[in-house]
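All remarks here apply to the structure that follows.
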Amino acid sequence: MAKVTITIYVNGESYETLVKPSTTLLDFLRDHLFLTGTKKGCNTGECGACTVILDGKVVNACLVLAVDASGSHVTTVEGLGDAEHPHLLQVAFAEHGAIQCGYCTPGMLISSKALLDRNPNPSEAEIKMTLAGNLCRCGGYLKIIEAIKSVVKT
Amino acid sequence: MKEFQYVMPATLEEAVSLTAQYGMKSALLAGGTDLIVQMKRGLKSPSCIINLKRIRELKYICYSPEKGLSIGPLIAHNELSEHRAIVENYPLLAEAARTIGTFQIRERGTIGGNICNASPAADTIPPLICLGAKLRLQGSAEERTTGIEDFFEGPQKTRLKPDEVLTQIEIPILPPCTGGIYLKLGVRKALEVAIVGVATLLTLDDQKTCVGARIALASVAPIPLPCHRAEAALVGEKIGDKVIDQAAKEVQEEAVPISDLRGTAEYRREMIYVLTKRALNEAFKRIVG
Amino acid sequence: MVEAYHIIGKKVPRLDALSKAMGDLKYVSDLYLPGVLVGRVLRSPLPHGKILHIDISKAVRLSGVKAAITAEDTPRKKFCMNPTWANNMILQDEKVRYVGDQVAAVAAIDEDTASEAISLIKVDYEPLPAVFDPEEAMKPGAPKIHREENNIVVHSVRNFGDVERGFREADYICEGNFYSPAIAHCCLEPRGCLASYDLSGNLRVWATTQTPHPLREELSEVLGIPQNKVSVFQAPMGGAFGARMGMDPIDGIAAILSMKSQRPVKVVNTREEEFLSSRIRYPMNIWIKSGTKKDGRLVAREIKVITDNGAYNHEGQYIMGNAGSKLAQLYAVPNIRYNGFLVYTNNVYGGAFRGYGNPQITYAMEIQLDQIAEALQMDPAEIRMINANKPNSVTASGCEIGSCGLIECIKTVAENSKWEEKKRARKEERSLLRRGIGMACMIHGGSGVKFFWGKDCNFSSAIVKINTDGSIDLLTGSAELGQGSNTTLAMIVAEVLGVSLSNINIINGDTDTTPACLGAWGSRQTFTAGNATQYAAMEARKMLFEVASELLEARVQDLEAKSGNIFVRGTPEKYVTVKQAAAESWRNRGNPIIGKGVNVDPWSIQPDLKTGYGNVSSAYAFAAQAAEVEVDTETGFVNVIHFWCAHDVGKAINPLGAECQIEGGVISMGLGYALMENLILHGGKAQNTNFTDYKIPTMLDTCQIKTYFIESLDEHGPFGAKGVGEPAMIPSAAAIANAIYDAVGIWVTELPITPEKVLKAINEKQKSKG
């Protein structure tokens, strides 16, 4: 089948390229753009490790076709901050012990950022509801909630 | 995933003509939260994917106290569950949408997708049945309207014709003194497919006698299940423990649950009774306060 | 005496946390080498069958496929972590023995081509009768899975004391059956391996492995490549929990695909493969009998356990043995009999999983103890206090308990959970939602064990190098799984050398550059690698002090290191910096500062192979956990509200790290193990191979949790520390089960405790009442 030209904006930069229609946004980010911060945990939209912000909404990148994201704005964990200017959430996660193996972390950070963008003062119930789609097997979630709350207070 | 052709019609007319052209070989793409998973698992391999998301006329929510609610199929579950008109006037639908999958799935998955995917466990369908929803379907030759109850044939099977697109979900105004709820039973508190789901809607007169009753269940039959016998048993009765108990037992009789990964038929049967009782009680409380 | 440390005991965020938060850290699936190919595996759809013929010709001819292999392309060497038990192969040649067994593999230019190539491989099987129930598999006439006469891998019996006499002398005896099912690790990162074989015959492997040095040895042995031509790099891991211990077939598959295609090859499991064909927690059917005196003191314990080994050997005999060993260890019961059968079936095979058999046996032991308490009308906390292990004691099986804070653990959770108050509270018989509180204890090795490879094998080694700018490199063979061991080891170096943590660079799990260590398992790294690291740091400090003593014209024994300076104790204003001393040693004495440390764990032994007697671990960790639940008596749904966890960790080197382990162990694993996890096998095939149908707790399923560290200061551990990784989840399920009993008067003895099972038990109890 013919490849399709897409233009996607990722972390503020625009990319124009040819992709097969069956390429997911997740594979596009990881394999074409080498933005490997977004992780593949299950590839079927159940673990949240591939969470990105797509036109302001948190979605599982493994369930979005890259062609379907043409013209859209995507934020991945690489777009949150860097060593010089880390995002408050990244610092809070690190300081509160909210990161163990780190595999769920990019997805958790993206979901947290989107939550705070939508509601700068979420309740604990809202935090849990929003992040319930980000699975963690190491950490038990409580330190992640603490980290988010600490950013809310500031 | 097997490779496919990808088209993105700009108008409804274009979309319908594509579905007519490709028929059963095509699949309509809304949020993709069901379709993409099915394609990855090899359960579906359409040779053409028709992405509906450019068609603005399929994405809207309109409410008026006179006409009721009209939703386009491309409304995502989160948007639906947060919309003021729906929260205020049709809370059980908002509640049901909120129980689906995860937040990420709800941001992307649509009500049209939930209906047309036709899982017997779909959460929005029992409330829609209770609310008397009508579906408007646009085909190449004609447009038709069907009650949602008549839309399902079997698990993952609807009566949508190969050349049709779902264009609207209409929900009428509810009479005064009407209340309802959707309850979902799962082992976890998120990322769950219902072991049993129960939607109820009751209308009372000023004597607290039931003048209208709707009950519909998820995960207890090959299709989402309206329980008309139980409903009939409630109409004309004063709502109380005994009446609710009998209605719940009637629902148990109407349901045909199976044993699967999520639970045995015996447990489901017992939960049908428990959840129906609770849902009827809650619906009643929501009316009387 | 409480020591004042400058960093030990402080809450320290992980050193690699920010790199993970940036999405910068590269896991195996993020790694690229030029020309890397995608590897995929063809797996058996049958639980048992002869492989008659494999036709890979169409796959080979597919454009984009660079290699397609079957067993013929491999050295056909059987492997297992301990080669004595080897019966698995990189690719099967004669038979397939479980659904998911590896039969062939391809390497292609991309994912789609690799998948298509797999679908083009035709395998002719002759289906054979299969057996899935270990009790059926034990019977004569059951289908033979391997060459052995019957399917019993191991039948082991252990006797300590005199169990018959013990039961004769008991005032009360209780017996019962318990079952723990197949459980999946659910590491968020699927297993992967990137292998690159170059034209000079060097094999480099980046693997999700907990045991880099042993993996190198295994790969070398199985592939027939000298060890010094095999390099294993432990990639950062998205979870391990025992799943990544020892070689996995995909490690060998990636290596051989690379050899054949002459390109790097990356093989990464799909999530479905993770559920279908990855090692699981060994299912165990446990019959247990306990006898106590009137006052609740345990005098005898006996079990018969039948463990489902699955199709191939991995660590079943050790895990089953470890489970059995807890009979004598927990509460130092004097008279023990353990009768264990490890049985082949055509199910997916087991492997190491956090707790190593201990969660299964603790579930049985700790519920039975509550049942005894109930019968004797004793408080469950009280019966545990009476039976608790004491410091400096020896168990009937020869375990030398040194440090032990179990009584303190029990007291701490009882006090903080308001145990007495809650137990005394009148339970409202008619209420829909009923609350209850329950407790469970555990013992676990806190330093690793010597039962795997040889007679005296539990070592770790480390090198500490101090550079001329004062920066420090720690080279450790240990594995960082995300459990925080790198941070803990760096803290030890920082404490010994008196420098700040930011000065320390850690290189770990790289077999080219780091000295050998057996890896991360058995909660051993804090203790074993920690000791080795401490020794290495101390040797480096000795070299520094020798130089500094000359520069300061002082005696070595009067020197102290703090805040990057070395000075005579009492006169900190007259100092040389670590940097100065290191540079001086390098430049003017030609003696670069390199400290080496090896810990051979001299305090434990490999238990006697016949009797099982011996001090299997140098230190033992203890814990008590209490759980409060609320049960919906109409649906059976159990809501866990609160956990109180008191863990004797010896010394919490990094309390933040230890807290993380415990919270994660209880919530992300313990809750799941207790209430919802079960890999459902029908005809040997896993049915729930995704995260919707195989349930692990989500953020909405969390409970509150309070953690307490009991610091019994083990004399052998670095700064007194013992392991915490596994203990975190060992007693959690039993605590929940006991809390449910307190709430609704029923015990569920078959895991998981689903709402359906709870409701069934409640209904049965009601029926029997009236």
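Here is the naming used below: chain letters follow the sequence lines, and residue numbers restart at 1 for every chain.
- The parts of A/K143 that come within reach of chain C are both its backbone and its side chain, each placing non-hydrogen atoms under 4.5 angstrom from that chain.
- Side chain of C/E480 to main chain of C/Q483: a donor-acceptor pair is present (N/O by atom type, distance under 3.5 Å, no hydrogens or angles).
- Neither the backbone nor the side chain of A/N134 comes within less than 4.5 Å of any heavy atom in chain C.
- No other option in C/G23, C/G664, C/S668 has as many heavy-atom pairs under 4.5 Å with chain A as C/S668.
- With a 4.5 Å cut-off on non-hydrogen atoms, A/H87 does not touch chain C at all.
- By the 6.0 Å contact criterion, NZ on C/K10 is enclosed, its count of non-hydrogen atoms from other residues, nucleotides or ligands being greater than 12.
- Most heavy-atom pairs under 4.5 Å with chain C, from the set A/T105, A/L142, A/L131: that is A/L142.
- Between chain A and the residues C/T702, C/I662, C/V666, C/V12, the largest count of heavy-atom pairs under 4.5 Å involves C/T702.
- Ion pairing of C/R244 with C/E274 is present here, as a side-chain N (NZ or NE/NH1/NH2) and a carboxylate O approach within less than 4.0 Å.
- You'll find the side chain of C/I730 reaches within 4.5 Å of the side chain of C/P359, heavy atoms only.
- If you measure heavy-atom distances from C/T270 to chain A, you find no contacts under 4.5 Å at all.
- Contacts between C/L25 and chain A at a heavy-atom distance below 4.5 Å involve the backbone alone (N, CA, C, O).
- Heavy atoms of A/L35 lying under 4.5 Å from chain C are absent altogether.
- Residue C/K26 touches chain A through its side chain alone, counting heavy-atom pairs closer than 4.5 Å.
- There is no contact between A/A98 and chain C, counting heavy-atom distances below 4.5 Å.
- If you look at A/F34 and C/Y32, their ring centroids are closer than 6.0 Å.
- For a residue to count as touching a neighbouring chain, one of its non-hydrogen atoms must lie under 4.5 Å from one of that chain's; by this rule A/T76 does not touch chain C.
- Remark: the C/S115 side chain and the C/R40 side chain contain an N/O donor-acceptor pair separated by less than 3.5 Å.
- A side-chain donor from one of C/D110 and C/T113 sits under 3.5 Å from a side-chain acceptor of the other.
- Under a 4.0 Å N-O distance rule, the pair A/E46/C/R271 does not qualify as a salt bridge.
- Looking at C/M237, only its backbone comes within 4.5 Å of chain A, counting heavy atoms on both sides.
- Interface check for chain C: of the options A/C136, A/P106, A/G37, A/C42, the most heavy-atom pairs under 4.5 Å are formed by A/C42.
- If you measure heavy-atom distances from A/K40 to chain C, the contacts under 4.5 Å come from the backbone alone.
- Within the 4.5 angstrom heavy-atom criterion, only side-chain atoms of A/L109, from C-beta onward, approach chain C.
- Top candidate by heavy-atom pairs under 4.5 Å with chain A, chosen from C/G657, C/C660, C/A17, is C/C660.
- Taking CG of A/L116 as the reference point, atom OG1 of A/T130 lies at 9.5 Å (rounded to 0.5 Å).
- A donor-acceptor contact closer than 3.5 angstrom is absent between the side chains of C/D693 and C/Q687.
- Salt bridge annotation for C/E189-A/K39: absent, with no cationic side-chain nitrogen under 4.0 angstrom from a carboxylate oxygen.
- Across C/D24, C/L671, C/D112, the residue that shares the most heavy-atom pairs under 4.5 angstrom with chain A is C/D112.
- Considering C/E663, C/K20, C/Q661 as possible partners of A/Q100, the one that fulfils the side-chain hydrogen bond (donor to acceptor under 3.5 Å, both in side chains) test is C/Q661.
- In terms of non-hydrogen atom pairs under 4.5 Å with chain C, the most contact-rich of A/G79, A/G97, A/S22 is A/G97.
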